[in-house]
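What follows is one structure encoded as structure tokens, with my remarks underneath.
All of these numbers come straight from a predicted model, not from anything done at the bench. The analysis underlying the following values was restricted to heavy atoms, covering all of them including side chains, and did not include hydrogens, waters or symmetry mates.
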Amino acid sequence: MAKNFMAGMKKTLVDLQPSTFSETEKIKKQIVILESLKQFIPPLTAEEYKQLENNILKHGCKDPLTVWETTEQKAGIGERDEPIYILIDGHNRYKICTQFGVDFKIGLLDFEDLDAVKDYMIDFQLGRRNLNPEQISYFRGLRYNREKTGKGKYDREGGEKGDIAEKLAAEHAVSPRTIKNDGDFAKGVEKLPTNLKSELLSGKIDLSKEEIQRLGKMEVNTEELNSVDDVKNAVSRGEEKAPAKSNQKLIKSLKKDVVDFAKTISTKKDCEQLMGKISSLKKLLDS
């Protein structure tokens, strides 16, 4: 079972009451949206967004928007030490409410730094029960990739690190290989434009996890990935190049073997074996 996403987090939650109405309205006008945090919010398809919009216009915004009360310095986005309010949950609701003038509530959270916010957002998503398999893989992969780069919770908590994939595998009741595949999947998803990303994470386009994992391992020009066909073609081109790249170590080893064996030739049989090695080397070089 995955750990409770609320466990161990240094934070406080304040649901602002009517007595602080003027302060609440002031905060609402100062909400800041960071693009670096929006990636941790599952994008909605056009249909899902329209449904949310209709619900809010009909019933109002029921759930409070979650805001990080911090400063530019603490958030690492500026030099000022004055309070700012960064949106960390409710981006779609905020956009709809501000567009149509719908009132909304806010809840304030406190974190040590921006990395702690990112960990909270990932764990919050993983704690939801309505994630589909693609979304689960994506957020587990984001968590794994952050831990690998030293930006995750394990580093900040100061505990024994060990094998990151094994720790996350135990936490989420999957295999370490699944966690590593999730990491490649998350990298691949992040290379997609917003529209394809939302469709993929909604399970509505013809791209397999394996294709996205391979995309995650490749160096590609993301500006050329504008459609499903573009992605499939990029992956196919990468697969065509992959064998030659994967054979580099074998080619190097075989070259050394040929050179070393050539120094010891003493019989006709040795010559035949050398020619066989040279033939194998030529096939690899031509592949």
Side-chain angles (χ1 to χ4, degrees), residues 33-57 87-96 98-100 118 121-122 124-126 128 130-146 148-149 151 172 174 177-248 287:
I33 295 178
L34 297 185
E35 290 299 320
S36 61
L37 296 182
K38 286 183 68 175
Q39 67 170 313
F40 303 114
I41 303 295
L44 301 180
T45 63
E47 295 82 3
E48 290 169 337
Y49 184 87
K50 188 62 179 179
Q51 183 62 55
L52 177 63
E53 180 182 292
N54 291 337
N55 290 341
I56 289 176
L57 293 178
L87 186 63
I88 63 176
D89 184 56
H91 290 71
N92 294 303
R93 283 173 283 145
Y94 177 74
K95 181 178 178 180
I96 294 169
T98 54
Q99 179 182 351
F100 293 99
K118 292 178 179 179
M121 293 179 72
I122 293 172
F124 181 85
Q125 296 300 334
L126 285 171
R128 294 170 58 197
N130 61 339
L131 294 182
N132 62 36
E134 289 81 7
Q135 291 169 337
I136 293 172
S137 291
Y138 173 60
F139 286 110
R140 282 194 312 228
L142 287 178
R143 173 85 183 277
Y144 175 64
N145 293 337
R146 281 181 54 74
K148 285 201 306 179
T149 57
K151 297 179 180 179
H172 295 282
V174 295
R177 171 49 55 190
T178 295
I179 294 296
K180 293 177 180 179
N181 287 339
D182 288 341
D184 291 330
F185 181 73
K187 289 179 181 178
V189 171
E190 290 306 298
K191 293 177 181 179
L192 300 176
T194 302
N195 63 317
L196 288 186
K197 178 178 177 180
S198 62
E199 293 288 331
L200 175 71
L201 293 180
S202 297
K204 295 184 177 181
I205 57 176
D206 182 25
L207 285 170
S208 67
K209 277 189 178 182
E210 290 73 19
E211 288 173 314
I212 301 302
Q213 287 165 3
R214 290 195 287 270
L215 181 67
K217 299 177 183 179
M218 295 166 47
E219 295 292 334
V220 296
N221 182 357
T222 56
E223 294 181 357
E224 297 178 354
L225 303 178
N226 299 311
S227 68
V228 172
D229 287 340
D230 290 340
V231 176
K232 287 183 175 292
N233 290 336
V235 172
S236 295
R237 291 195 299 270
E239 289 176 338
E240 291 172 359
K241 297 177 182 178
K245 183 176 180 180
S246 64
N247 284 335
Q248 292 303 311
S287 65

Side chain to side chain contact (heavy atoms under 4.5 Å, CB included) filter on Asn130, not counting sequence neighbours, yields Arg128
Output for pair (Lys204 NZ, Glu48 CD), nearest 0.5 Å, gives 4.5 Å
Closest non-hydrogen atoms of Lys118 and Ser36, given as atom of the first, atom of the second and distance, are CE-O, 4.3 Å
Sequence neighbours excluded, the answer for salt bridge (Lys or Arg N to Asp or Glu O under 4.0 Å) partners of Glu211 is Lys232
Residues at least two apart in sequence or cross-chain that pass salt bridge (Lys or Arg N to Asp or Glu O under 4.0 Å) with Lys197, listed by chain then number, are Glu190
Tested for side-chain contact (heavy atoms from CB on, under 4.5 Å) against Glu199, the lone hit among Ile205, Thr194, Leu192 is Ile205
The reported gap from CD1 in Ile179 to NZ in Lys148 (rounded to nearest 0.5 angstrom) is 11.5 Å
- Over 12 foreign heavy atoms within 6.0 Å of CD, Glu223: no
Heavy-atom closest pair (Gln125 atom, Phe40 atom, distance to 0.1 Å) is CG-O, 3.5 Å
Is Lys209 close to Pro133 at the side-chain level, that is, under 4.5 Å between some pair of heavy atoms? yes
Those residues at least two apart in sequence (or on a different chain) that pass salt bridge (Lys or Arg N to Asp or Glu O under 4.0 Å) with Glu134 are none
Leu37 and Leu87 have their tightest heavy-atom pair at CD1-O, 4.1 Å
Closest heavy-atom pair, Ser198 versus Leu44, reported as atoms and distance to 0.1 Å, is CB-O, 3.7 Å
By salt bridge (Lys or Arg N to Asp or Glu O under 4.0 Å), Lys50 pairs with (sequence neighbours left out) Glu53
Ile41 and Ile88 have their tightest heavy-atom pair at CD1-O, 3.8 Å
Output for pair (Thr98 OG1, Lys95 NZ), nearest 0.5 Å, gives 9.0 Å
| said: As a quick check of understanding, evaluate side chain to side chain contact (heavy atoms under 4.5 Å, CB included) for Leu126 and His172, giving each step before the final call. | reply: CA-CA 10 Å; Leu126 285 171; His172 295 282; 3.7 Å; yes
In this structure, CG of Leu196 is separated from CG of Leu201 (nearest 0.5 Å) by 10.5 Å
Q. Ignoring hydrogens and geometry, is there a side-chain-to-backbone donor-acceptor pair from Asp230 to Ser227 under 3.5 Å?
A. yes
Evaluate the side-chain proximity of Phe139 to Pro42: yes if any heavy-atom separation is below 4.5 Å, no if none is.
-> yes
d(Asp89 CG, Phe124 CZ) to nearest 0.5 Å is 4.5 Å
Rounded to the nearest 0.5 angstrom, the CD1-CD1 distance for Ile96 and Ile56 is 4.0 Å
Q) Is the number of heavy atoms from other residues, nucleotides or ligands under 6.0 Å of Lys38 NZ greater than 12? A) no
Donor-acceptor pairs are to be reported for all side-chain atoms of residues 182-189 against protein atoms at under 3.5 Å, with residues two or more places apart or in another chain.
{"residue": "Asp182", "atom": "OD1", "partner": "Ser137", "partner atom": "OG", "Å": "3.2"}
{"residue": "Asp182", "atom": "OD2", "partner": "Arg140", "partner atom": "NE", "Å": "2.7"}
{"residue": "Asp182", "atom": "OD2", "partner": "Arg140", "partner atom": "NH2", "Å": "3.1"}

Side-chain donor/acceptor of Lys191 to backbone N/O of Leu215, under 3.5 Å
yes
Checklist entry - Is the backbone of Asn132 close enough, under 3.5 Å, to the side chain of Gln135 for a donor and an acceptor to pair up by distance? => result yes
_If we count only N and O atoms by modelled type, under 3.5 Å, do the side chains of Asn55 and Gln51 hold a donor and an acceptor together?_
yes
Here the pair of heavy atoms bringing Met218 nearest to Val220 is CE-CG1, 3.4 Å
